[in-house]
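This report concerns only the one structure given below.
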Amino acid sequence: MGMLDLKREIAEILAKLLEDMDVEQIYGMLEQPPSPEMGDLAFPCFKLSRIFRKPPADIARELANKIPISRYIERVEPVSGYLNFFFKRSAVISDVLKQVLTERESFGSSWEGKGKTIVVDYSAPNIAKPFHIGHLLSTIIGHSLCRIFKFLGYNVVGINHLGDWGTQFGKLIAAYRRWGSRERVERDQIKELMDLYVRFHEEAEKDPSLEDEGRNWFARLEKGDREALELWQWFKNISLEEFKRVYRILGIEFDSYAGESFYVDKVWDVVEELRSKNLLKESEGARIVDLEPYGMPPFLILKKDGSTLYATRDIAAALYRKKAYDFHKCVYVVGATQILHFRQWIKVIELMGYRWAKDIVHVPFGTVSLEGKKLATRKGQVVLLEDLLTEAVKKTLEIIEEKNPGMENKNEVARQVGVGAVIFSHLYSSRIKDISFSWEEALNFDGETGPYVQYTHARTCSVLQKAGYTPGNSFDAGLLDTKEEYELAMALYRFPEKVREASGEYEPSVITRYLVEVAQAFNRFYHEHPILVEDEALRAARLALVDAARIVLSNGLWLIGLTSPERI
RNA sequence: GUCCCGGUGGCCUAAUGGAUAAGGUAGCGGAUUCCGGAUCCGCUGAUACGGGUUCAAUUCCUGUCCGGGACGCCA
């Protein structure tokens, strides 16, 4: 079935009446009126005023007289320069429900991405540091984008570009050799690595020569020194184990863990290529690419001791990925603090002559602070992600014990709802906004939250089960003639366009907020109208609406990385 | 210093340049003989400030103020 697109339908009708404008132009102008009483779709006539040399109100009035009544259009009303369309509710509800109930878990999806690959680079925690709430945003935004792209038919490659290379590992090795022991690292794992790292920085304040020692060990690592490599691999394995435990809780899997170290042997080709393309300049002993003509500071490629920087590895990684995946887009979910860095290296790729530089997309997001203060691993001023998730699950379990003590798989449901609450709240506002973490807010499950949407979904399941509902039965959508039923159906109708919007803006919050909209519409309907009524025809129609709502909630929750338990 | 991002009721958040600025939370007041009260309904309350562009500005331009961030040898 083709997608039910009422906007296009109306754009086409208008295009026939307005010779100077094409369907696309009109499509872009059509908007949703501020309130349902004003109609279902509005066409503002102000811009036409200049073309026709008439007041907008006159244009709207004249158009209103010419609009043919069709399957979906019941009437049109000119109101102060707007042409407001009122749909034939029964026809719209009927077609929306038919479509949702036919397509089911694929409702809202499409094949626009067929044959195209999108690489999504996300999460990317640093080895030897604990996984804290600062890593949460990249992880869940990236994961949600992966699901959204998949839903739209793209082939998606999710990459965890681990921070597993760099001077910090030289420092860690130096610290381990000075103060560490195998037993303690084996016992305390990442915590011990963290302590060593912190101690290094403390001691380096007093004795700056330590910094050189750390850099020296990193240089040995880059040269393939056996002892350095062994220690590094060991530390990396310890970290990976911890990270994978967190990813399992979040329900996330990656297609590749190729981190920075993977590109170490590939950077020299990049350096050589930059040299041969005359992009490399010597400056203060280091090698840079001059970006002044583009209004940016110089971009450092090689340090004066000849070792590489993460910048170099970013370029190598992009070149490698283009070759390996021939991506349509390569998306980087990395914090807003790195906007300049991305602008710089993408410009360098462009200067190297690669036209696909425009397919590299940086998706920035805001900074997480702790009750207004900066997160600082070294000062121990962090909230571990695992602690947050554990607390959220614990609190959920308490609520379940209170409200639904007889439930069977309490622990599993508490896990899904608790983790879901954390993900949901972090995907609720526009990603660019900074987040000030507070325990109180993080554990508040009232209002526009994950539990609210999951609760609503569970409620749909509960009604359907009580009714002994089986999908596929025929129903008369004409019986759904109330305001609440229509508004719910219209909310469901909007799902596919919300998915497209979320994808186009790389913005999962579009889906998150939309889910609240649907849940609110459902709960209003549920409260106003009994579903399990005597009248069998009405009952069948309302059950179909409930099932459709259930499907959309479930599909939408999946897109932001949440589950849809049938009971909570 | 240069550049980037943000500023909307007490707090959090929304609004492709469009109509009466939309929700949540907190506060107050209501709703359950019936499908799950983690629900629903009502009340109170907001675009930092000045100028400009426009028929129309929360949105675009400009200046000021406030908060965050980036700007060579970390990642």
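Letters go in sequence order (proteins before strands), and every chain restarts at 1.
For A:Tyr332 and A:Trp345, the ring centers sit closer than 6.0 Å to each other. Under the 6.0 Å cut-off for aromatic ring centres, A:Tyr310 and A:His341 qualify, their centroids lying closer than that. Aromatic pair A:Tyr122/A:His135: centroids not less than 6.0 angstrom apart.
Residue A:Ile400 is classed as a base contact, given a heavy-atom separation below 4.0 Å to a base. Residue-level contact check: A:Ser429 touches the backbone only, with heavy atoms under 4.0 Å from sugar-phosphate atoms and none from bases. A:Met38 comes within 4.0 angstrom of a base, heavy atoms only. Note on A:Arg567: a base of the nucleic acid sits closer than 4.0 angstrom, heavy atoms only.
Rounded to whole Å, the C1' atom of B:C4 lies 36 Å from the corresponding atom of B:U20.
The phosphate of B:A14 (OP1 or OP2) has a side-chain N or O of A:Ser430 nearer than 4.0 angstrom.
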**Prompt:** What does nucleotides 68-75 of chain B look like as a protein-contact string, B for base, S for sugar-phosphate only, - for none, at under 4.0 angstrom between heavy atoms?
**Reply:** SSSSBBSB

**Letter per nucleotide, 5' to 3', of nucleotides 21-29 of chain B [B base touched, S only sugar-phosphate touched, - untouched; heavy atoms, 4.0 Å]** = --BSS----

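Each of A:Lys403 and A:Gly28 was assigned the nucleotide of RNA chain B with the nearest heavy atom; the assignment lying further toward the 5' end belongs to A:Gly28.
The side chain to side chain donor-acceptor pair (under 3.5 Å) with A:Glu484 is formed by just one residue from the set A:His527, A:Arg524, A:His529; it is A:His529.
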